[in-house]
Amino acid sequence: MKYADLHVHTVESDGTYTPAQLVKEAIQRGLSALAITDHDTVGSVAQALTEARETELEIIPGIELTAQQDNQEIHILGYFLDYQQQGLWDKLRLVQQNRVERVYKIVENLKKLGVELNAQTVFNISGRGTVGRMHIARALLLDGWVNSTSEAFRKYIGDNSPAYVCGFRLSVSDAIKLIRDAKGVAVLAHPYILDSDELITEFVDYGLQGLEAYYPEHSQSQVNFYLDLAKNLGLLVTGGSDFHGSVKPDIKLGTIKVPFELVEKLRFAKKS
Ligand code: AMP
Ligand code: ZN
Ligand code: FE
Ligand code: FE
């Protein structure tokens with residue numbers, strides 16, 4: 001049997017693996033395909049494709065867009081998108097600028113709480129790609145303000161914590177449109193986080209094409225529920241580990257993997 005992990009982050013967002021390291025690890029683990037799905041960037045896709053050239057591993061160009069509906073954070077995965085498309089890069093550049101501005105706002109909030117963190121420390125950790133709260137958490141850990149990144153979220157930057165700032169987010173309908181305009185297939189990531197599953201039918205009206213039924217946080221009954229729902233709504237099914245490297249140490253590459261036939265269905269959905 002051939003398997004694929006369809007949800008993977010690199011150093012371009014908040015993962016700790018480079019594309020080269022990912023390709024090597026995926027081959028070692030016997031995977032046949034890997035989708036690179038960084039938060040709000042396709043910056044690692046080209047390098048991953050290059051690294052996997054002349055190997056048995058297929059790299060699927062992907063993304064995980066941060067979106068919002070009714071004050072709820074929703075993640076939309078995009079697969080097989082034309083990752084070099086200019087319109088996509090233009091929009092993502094705006095999102096990146098907003099993320100940088102948000103780091104300065106969170107640093108201001110931390111200062112008011114007596115935590116003197118330099119924004120540059122955060123940017124040194126994040127590098128050239130998407131900057132976010134995970135990098136702030138790592139900077140707080142590096143400078144000794146917390147003993148773990150989870151403590152950083154709990155005390156300072158978690159959704160309900162005192163230094164939290166909500167970033168600019170695409171609407172779900174804009175996120176789906178951005179993916180589809182780039183000829184990609186739009187899939188709802190980790191649907192268990194939704195307050196109400198009724199939102200899914202609304203997302204289908206926006207052009208959603210699939211559900212990430214297989215996910216580390218999903219119980220078997222949740223997996224079954226989303227498989228049924230996908231069938232009833234005529235949606236594709238995907239799954240993946242949401243691998244982030246050492247910042248999510250319990251999750252290994254391929255912890256969740258799906259049969260390769262699901263990749264073929266995604267590929268077909270792009271064409272048709
Ligand atoms: P951002 O997109 O900058 O708001 O950061 C979101 C990322 O922060 C998510 O992908 C999670 O990996 C991480 N995150 C959010 N809340 C928590 C939390 N309470 N504990 C650990 N990580 C979190
Ligand atoms: Zn992440
Ligand atoms: Fe996510
Ligand atoms: Fe993810």
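Values below: all heavy atoms of this structure, side chains included; hydrogens, waters and symmetry mates excluded. Note that ligands are numbered from 1 as they come in the structure, with each ligand's atoms numbered from 1 the same way. This structure is a prediction, so every number in the text was calculated from the model and none was measured.
Ion pairing between Asp159 and Arg133 holds under the 4.0 Å rule for side-chain N and carboxylate O.
Shown here are the protein N/O/S atoms lying under 2.8 Å from the Zn ion (ligand 2), water excluded: Asp14 OD1, Asp14 OD2, His39 NE2, His244 NE2. The Fe ion (ligand 4) has His7 NE2, His9 NE2, Glu64 OE1, Asp242 OD1 as protein N, O or S atoms under 2.8 Å away.
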side-chain hydrogen bond (donor to acceptor under 3.5 Å, both in side chains) evaluation trace for Thr255 with Ser241: CA-CA 5 Å; Thr255 293; Ser241 63; 5.6 Å; no

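For the pair Leu77 and Leu188, the minimum side-chain heavy-atom distance is 4.5 Å or more.
Under the 6.0 Å cut-off for aromatic ring centres, Phe225 and Tyr192 do not qualify, their centroids lying 6.0 Å or more apart. For Tyr17 and Phe243, the ring centers are positioned less than 6.0 Å apart.
In this structure, Arg154 falls outside the shell of residues with a heavy atom less than 4.0 angstrom from ligand 1. The closest approach between any non-hydrogen atom of His135 and ligand 1 is not below 4.0 Å.
Without hydrogens or angle criteria, Glu151 side chain to Asn147 main chain gives a donor-acceptor distance under 3.5 Å. Side chain of Thr121 to backbone of Asn118: a donor-acceptor contact under 3.5 angstrom is found. Side-chain atoms of Tyr79 come within 3.5 Å of backbone N or O of Leu6 as a donor-acceptor pair. Checking side-chain atoms of Ser161 against main-chain N and O of Phe153 turns up a donor-acceptor pair under 3.5 Å.
Counting protein heavy atoms under 4.0 angstrom from atom 9 (C) of ligand 1 gives zero. Within a 4.0 Å radius of atom 21 (C) of ligand 1, the protein contributes one or more non-hydrogen atoms.
Of the candidates His75, Arg99, Arg133, Arg99 brings a heavy atom nearest to atom 2 (O) of ligand 1.
Side chains of Glu212 and His7: a donor on one and an acceptor on the other come within 3.5 Å.
Where the criterion is an N or O separation shorter than 3.5 Å, residue side chain and backbone included, Ser150 fails it with respect to ligand 1.
With His39 as reference, Glu64 is the one residue of Glu12, Met134, Glu64 to meet the side-chain contact (heavy atoms from CB on, under 4.5 Å) rule.
The atoms of ligand 1 that sit less than 4.0 Å from any heavy atom of His39 are 10 (O). When each atom of ligand 1 is checked for a heavy atom of Gly132 under 4.0 Å away, the hits are 3 (O). Below 4.0 Å from some heavy atom of Met134 lie the following atoms of ligand 1, by number and element: 12 (O).
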